Protein chains: 2
Amino acid sequence: MEVLSKPDGASVATTAAPDANRRGDIIRAAGRLFHQKGYNGTTIRDIADAVNMRSGSPFYHFKSKHEILFTVTTEGIEVMLRNLEMVIARQQPPRACFEACVITHMNYLLGPGRDFAWVMLYESRLLDPTERAVVHCMSARYEEVFSAVLDRLVASGDLRDASAIARKLILGAINWSAQWYDENGASDPQAIAQQLCALVLREKN
Amino acid sequence: MEVLSKPDGASVATTAAPDANRRGDIIRAAGRLFHQKGYNGTTIRDIADAVNMRSGSPFYHFKSKHEILFTVTTEGIEVMLRNLEMVIARQQPPRACFEACVITHMNYLLGPGRDFAWVMLYESRLLDPTERAVVHCMSARYEEVFSAVLDRLVASGDLRDASAIARKLILGAINWSAQWYDENGASDPQAIAQQLCALVLREKN
DNA sequence: TTGTCAAGCAAGCAATTGCTTGGTAAATTA
DNA sequence: TAATTTACCAAGCAATTGCTTGCTTGACAA
């Protein structure tokens with residue numbers, strides 16, 4: 001038996017992972033790389049390198065590169081939707097509810113979920129139609145829930161218009177922040193969220 | 001002379017272009033394809049096909065694929081900046097000036113400049129640092145000019161806040177419209193622009 | 001001890017990629 | 001008419017791509 005033989009120095013420790021979740025490592029690394037260089041600009045070898053694997057090994061966990069993109073994308077939108085629903089469950093008055101929604105959205109978008117959210121917003125269009133339909137369905141659900149929050153704002157007189165276009169414009173201002181936000185900059189996600197509220201909401205009496 | 005000989009069916013008319021500007025054809029086709037499939041998802045062969053060339057021919061007009069991206073990008077931002085300055089030269093009162101700026105911006109972003117603007121907004125980050133610096137410089141100039149428009153709005157009492165963040169949020173709402181605008185949909189760029197004005201400006205009188 | 005399994009490696013294949021080269025027909029200029 | 005230039009093609013090269021295959025290793029179970 002060749003148990004002790006090491007044919008060459010390249011054979012590294014196979015049990016390098018104390019934490020068992022290598023699949024999670026892959027989607028986190030993929031998220032970061034897709035964010036940095038785009039889906040098509042990132043190779044399987046990039047991802048494998050980032051988690052100290054050889055280029056064929058990710059295919060043990062995912063059946064294709066596309067499936068990695070799909071997993072990263074849905075991870076992003078799922079967390080956002082869950083967060084939103086948790087905030088709404090608090091049953092605050094309209095204005096406070098809206099502010100909390102925006103803060104939560106931005107905290108994830110600019111914080112721990114940066115990569116996932118980015119990939120969802122900007123790379124999911126590269127999925128094939130079937131997969132994209134799933135993602136689209138989930139973001140439609142997000143918008144639907146968000147829409148109800150806006151409706152209550154109109155009812156309470158804090159917002160003039162909750163039409164589909166107004167909704168898209170507000171969500172646009174929020175989502176675009178991922179483009180310019182600088183985590184070393186002066187303002188944090190919460191401050192930006194509050195600025196947005198001040199921009200679109202009526203002045204408090 | 002072999003004027004009339006056609007050695008094989010593949011030899012197509014070499015002088016197929018009545019309009020001489022094949023370079024322009026390439027950047028328009030590249031813009032469209034970069035918009036559809038992203039920079040890295042588009043091959044030189046895709047671009048060449050779109051303008052009825054063979055895969056090596058675009059390199060007669062551009063020294064690299066990167067240079068095509070750079071050209072498409074700067075085309076986008078240059079036009080937008082020129083448009084903005086033309087609007088401002090009209091010297092309208094603050095509110096009318098702002099509305100005109102937004103309408104002009106959106107008319108280009110969602111109309112004839114769709115592809116160029118999109119590439120500028122979403123693909124220019126794939127340029128190398130030197131080229132990206134040029135693009136960044138031009139968009140900074142755009143924001144600077146736009147900022148002056150916002151300052152006048154604050155002075156006239158039509159806007160509460162013209163801070164850097166407020167500016168980014170407003171421009172974000174505008175630019176994000178490229179993501180969801182449907183040219184077959186109910187509302188046109190001008191209507192969307194007016195909705196945005198209604199959203200961020202104080203009510204008249 | 002023996003067998004099974006999760007996890008990953010080493011090697012490489014077929015296709016695709018950006019780009020180069022040498023040539024050529026037509027238009028333009030001298 | 002002769003020389004040059006413009007614009008392009010045909011062919012292909014070297015590198016990279018996503019992915020497959022057969023095998024190894026350590027952990028655990030019977």
Side-chain angles (χ1 to χ4, degrees), chain A residues 1-27 29-30 33-34 37-72 126-128, chain B residues 1-27 29-30 33-34 37-72 126-128:
Chain A
M1 291 177 78
E2 260 62 59
V3 173
L4 293 178
S5 82
K6 282 200 172 184
D8 60 276
S11 282
V12 284
T14 2
T15 325
D19 58 1
N21 196 357
R22 301 291 278 147
R23 192 174 193 273
D25 293 347
I26 293 175
I27 75 160
L33 288 164
F34 290 166
K37 322 203 286 175
Y39 173 72
N40 280 312
T42 303
T43 69
I44 288 290
R45 284 163 178 81
D46 292 334
I47 298 170
D49 279 356
V51 295
N52 274 309
M53 281 181 179
R54 308 307 137 192
S55 67
S57 302
F59 293 100
Y60 174 78
H61 299 275
F62 299 91
K63 75 179 222 294
S64 67
K65 187 187 173 191
H66 249 78
E67 195 182 279
I68 298 180
L69 175 59
F70 182 70
T71 307
V72 171
L126 300 174
L127 293 167
D128 57 41
Chain B
M1 293 176 80
E2 261 63 56
V3 173
L4 294 177
S5 83
K6 282 200 169 183
D8 61 276
S11 281
V12 286
T14 1
T15 327
D19 59 0
N21 196 357
R22 300 290 278 147
R23 194 174 192 273
D25 292 346
I26 293 175
I27 73 161
L33 289 164
F34 290 166
K37 321 203 286 174
Y39 172 72
N40 280 313
T42 303
T43 69
I44 288 291
R45 284 163 178 81
D46 291 335
I47 298 170
D49 280 355
V51 295
N52 274 309
M53 282 180 178
R54 308 306 139 191
S55 67
S57 302
F59 293 100
Y60 174 79
H61 299 275
F62 299 90
K63 75 179 223 295
S64 68
K65 188 187 172 191
H66 249 78
E67 194 182 279
I68 300 180
L69 175 59
F70 182 70
T71 307
V72 171
L126 300 174
L127 294 167
D128 57 41

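Naming convention: chains lettered A, B, ... in sequence-line order (proteins, then strands); numbering from 1 in each chain. The structure presented is a predicted model; accordingly, all values stated were derived computationally and were not measured.
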Separation of [N] [atom2] from [X] [atom1] (nearest whole Å):
X     : N      : atom1 : atom2 : value
A/H61 : C/dA6  : NE2   : P     : 12 Å
A/E67 : D/dG18 : CD    : P     : 15 Å
B/N40 : C/dT16 : CG    : C1'   : 14 Å
B/D46 : C/dG18 : CG    : P     : 8 Å
B/D49 : C/dT17 : CG    : P     : 11 Å
A/R22 : D/dG26 : CZ    : P     : 16 Å
A/I26 : C/dA7  : CD1   : C1'   : 10 Å
B/N52 : D/dA7  : CG    : P     : 17 Å

Touch class at under 4.0 angstrom, heavy-atom based, for A/S55 against every strand present: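 Base contact - A/S55 has a heavy atom under 4.0 Å of at least one base atom.
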Sugar-phosphate only, base, or nothing, as touched by A/T43 at under 4.0 Å among non-hydrogen atoms: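 The residue A/T43 makes sugar-phosphate contact but no base contact.
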Could you work out which one of [options] sits closest to the side chain of [X]?
X     : options               : result
A/I44 : D/dG18, D/dC8, C/dG18 : D/dG18
B/S57 : D/dC9, C/dA7, D/dG18  : D/dC9
A/M53 : D/dC19, C/dC19, C/dC9 : C/dC9
A/Y60 : C/dC9, C/dG12, C/dA6  : C/dA6

Euclidean distance, B/N40 CG relative to B/L126 CG, rounded to 0.5 Å: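 Result: 5.5 Å between the selected atoms.
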Derivation and outcome, side-chain contact (heavy atoms from CB on, under 4.5 Å), residues B/H66 and B/Y39: CA-CA 9 Å; B/H66 249 78; B/Y39 172 72; 3.2 Å; yes
Non-hydrogen side-chain atoms of A/D46 and A/F34 separated by less than 4.5 Å: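 Counting from C-beta outward, A/D46 and A/F34 never come under 4.5 Å.
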Student check: side-chain heavy atoms of B/D25 and B/M53 closer than 4.5 Å: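 No, every pair of side-chain atoms sits at 4.5 Å or beyond.
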Check: B/R45 side chain, C/dG18 base, donor-acceptor under 3.5 Å: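 A donor-acceptor contact between them is present.
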